[in-house]
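To keep things clear, I will list the structure first and then write my remarks on it.
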Amino acid sequence: MRNTSIVLAILMLTGCSASSANPANSETEILAVNEAYNRALVEGDPLALNLLLTNDFRIIDDDAGIHDKRDQIEFMTTEIDLIYARGDDVEVAMLGPDAALVTGRLIGRYRYKGTETDFTERYTSIWVRDGGRWRVMHEHASTQPAEEGKES
């Protein structure tokens, strides 16, 4: 049931008009859909992630590899358990009426191969209006090294 509500919220958030003339409105829309993206990652919701990523989505992650939409959805829904995450320090820079650069930080905890780890990640993403919806086309994420003397 939770996944259904996330998908419905995403449809409402991302279904904004393709000709939003006001950049402030676009920035507000992107901030909201970016938060929905974070929730979909935590929920491990493949339907929501499929709606939020363009078909040609690419991510460069900590392994320095380039991964596509299918890889990202599979990893986030079957390999890693994102226990919780919250975004902050999010900034939107409009690159035009249908594209934006988003930078931010994601702080949380995940379980991978039986081990739980706290993380702080900095990311940059390119959002584009695709099919009338804001979607992530590209993302680059880097995990901030743990502070010395502090357990991860």
Side-chain angles (χ1 to χ4, degrees), residues 1-112 117-144:
M1 182 66 167
R2 257 190 334 193
N3 289 353
T4 302
S5 63
I6 290 173
V7 170
L8 290 174
I10 290 167
L11 288 172
M12 290 171 48
L13 287 169
T14 62
C16 300
S17 109
S19 60
S20 180
N22 186 343
N25 287 346
S26 292
E27 288 178 29
T28 300
E29 292 167 5
I30 292 165
L31 287 169
V33 77
N34 187 67
E35 185 58 35
Y37 178 48
N38 291 344
R39 283 193 309 274
L41 290 169
V42 170
E43 292 296 324
D45 185 342
L47 296 174
L49 292 171
N50 189 57
L51 287 171
L52 287 162
L53 305 176
T54 63
N55 289 334
D56 58 351
F57 170 83
R58 296 292 183 270
I59 184 170
I60 300 171
D61 215 339
D62 282 337
D63 66 1
I66 300 174
H67 305 280
D68 64 13
K69 178 178 182 174
R70 187 191 58 172
D71 292 342
Q72 177 70 348
I73 292 173
E74 182 178 329
F75 181 73
M76 294 307 300
T77 60
T78 65
E79 293 184 40
I80 195 165
D81 178 15
L82 194 54
I83 298 165
Y84 71 87
R86 66 175 172 77
D88 70 2
D89 201 20
V90 179
E91 295 183 13
V92 176
M94 296 305 299
L95 302 174
D98 296 322
L101 173 71
V102 176
T103 58
R105 182 171 57 187
L106 195 63
I107 300 168
R109 186 168 185 83
Y110 67 90
R111 184 178 304 111
Y112 183 65
T117 306
D118 292 324
F119 72 94
T120 300
E121 172 187 274
R122 286 285 185 180
Y123 66 88
T124 301
S125 55
I126 301 292
W127 288 78
V128 295
R129 207 182 312 256
D130 176 49
R133 303 181 191 286
W134 284 108
R135 301 176 201 261
V136 183
M137 176 183 242
H138 176 79
E139 189 167 24
H140 188 146
S142 297
T143 304
Q144 182 175 322

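Numbering starts at 1 and runs along the sequence shown. As the structure is a computational prediction, the values presented were derived from the model and not from experiment.
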Nearest 0.5 Å, what's the [atom1]-[atom2] distance between [X] and [Y]?
{"X": "Thr103", "Y": "Arg122", "atom1": "OG1", "atom2": "CZ", "value": "8.0 Å"}
{"X": "Tyr110", "Y": "Leu41", "atom1": "OH", "atom2": "CG", "value": "14.0 Å"}
{"X": "Arg133", "Y": "Thr54", "atom1": "CZ", "atom2": "OG1", "value": "14.0 Å"}
{"X": "Glu43", "Y": "Leu49", "atom1": "CD", "atom2": "CG", "value": "10.5 Å"}
{"X": "Ser26", "Y": "Leu31", "atom1": "OG", "atom2": "CG", "value": "11.0 Å"}
{"X": "Phe75", "Y": "His67", "atom1": "CZ", "atom2": "NE2", "value": "8.0 Å"}

Indicate yes or no: at least one non-hydrogen side-chain atom of [X] is less than 4.5 angstrom from one of [Y].
{"X": "Arg135", "Y": "Leu53", "answer": "no"}
{"X": "Leu101", "Y": "Trp127", "answer": "no"}
{"X": "Arg58", "Y": "Asp68", "answer": "yes"}
{"X": "Val136", "Y": "Ile126", "answer": "no"}
{"X": "Tyr37", "Y": "Trp134", "answer": "no"}
{"X": "Asn38", "Y": "Glu35", "answer": "yes"}
{"X": "Phe57", "Y": "Gln72", "answer": "yes"}
{"X": "Asp98", "Y": "Val128", "answer": "no"}

Sequence-distant partners of Glu27, side chain to side chain contact (heavy atoms under 4.5 Å, CB included), two or more places apart:
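By the side chain to side chain contact (heavy atoms under 4.5 Å, CB included) rule, Glu27 matches Val92, Met94.
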Residues Lys69, Asp56: salt bridge by 4.0 Å N-O rule:
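No, Lys69 and Asp56 are not salt-bridged.
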Between [X] (side chain only) and [Y] (backbone N and O only), is there a donor and an acceptor less than 3.5 Å apart?
{"X": "Asp63", "Y": "Gly65", "answer": "yes"}
{"X": "Arg129", "Y": "Pro97", "answer": "yes"}
{"X": "Asp45", "Y": "Ala48", "answer": "yes"}

Could you tell me whether Ile66 atom CD1 has more than 12 heavy atoms of other residues or ligands within 6.0 Å of it?
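Check fails, neighbour count at 12 or below.
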For residues 81-88, which side-chain N or O atoms pair as donor and acceptor with protein atoms under 3.5 Å away, sequence neighbours left out?
from: Asp81; atom 1: OD2; to: Arg111; atom 2: NH1; distance (Å): 2.4
from: Arg86; atom 1: NH1; to: Asp88; atom 2: OD2; distance (Å): 3.3
from: Asp88; atom 1: OD1; to: Arg105; atom 2: NE; distance (Å): 2.8
from: Asp88; atom 1: OD1; to: Arg105; atom 2: NH2; distance (Å): 3.3
from: Asp88; atom 1: OD2; to: Arg105; atom 2: NH2; distance (Å): 2.9

Quick one: side chain to side chain donor-acceptor pair (under 3.5 Å) partners of Thr124, sequence neighbours excluded?
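Checked Thr124 against side chain to side chain donor-acceptor pair (under 3.5 Å); zero matches.
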Return the minimal non-hydrogen interatomic distance between Ala100 and Ile30, and the atom names on each side.
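Looking at all heavy atoms of both residues, the shortest contact is CB-CD1, 3.4 Å.
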Minimum heavy-atom distance Phe119-Leu106, with the two atoms named:
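For Phe119 and Leu106, the tightest heavy-atom pair comes out as CE1-O, 3.5 Å.
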Tyr123 and side chain to side chain contact (heavy atoms under 4.5 Å, CB included): which partner among Thr143, Ile59, Asn34?
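Testing each of Thr143, Ile59, Asn34 against Tyr123, the sole residue satisfying side chain to side chain contact (heavy atoms under 4.5 Å, CB included) is Asn34.
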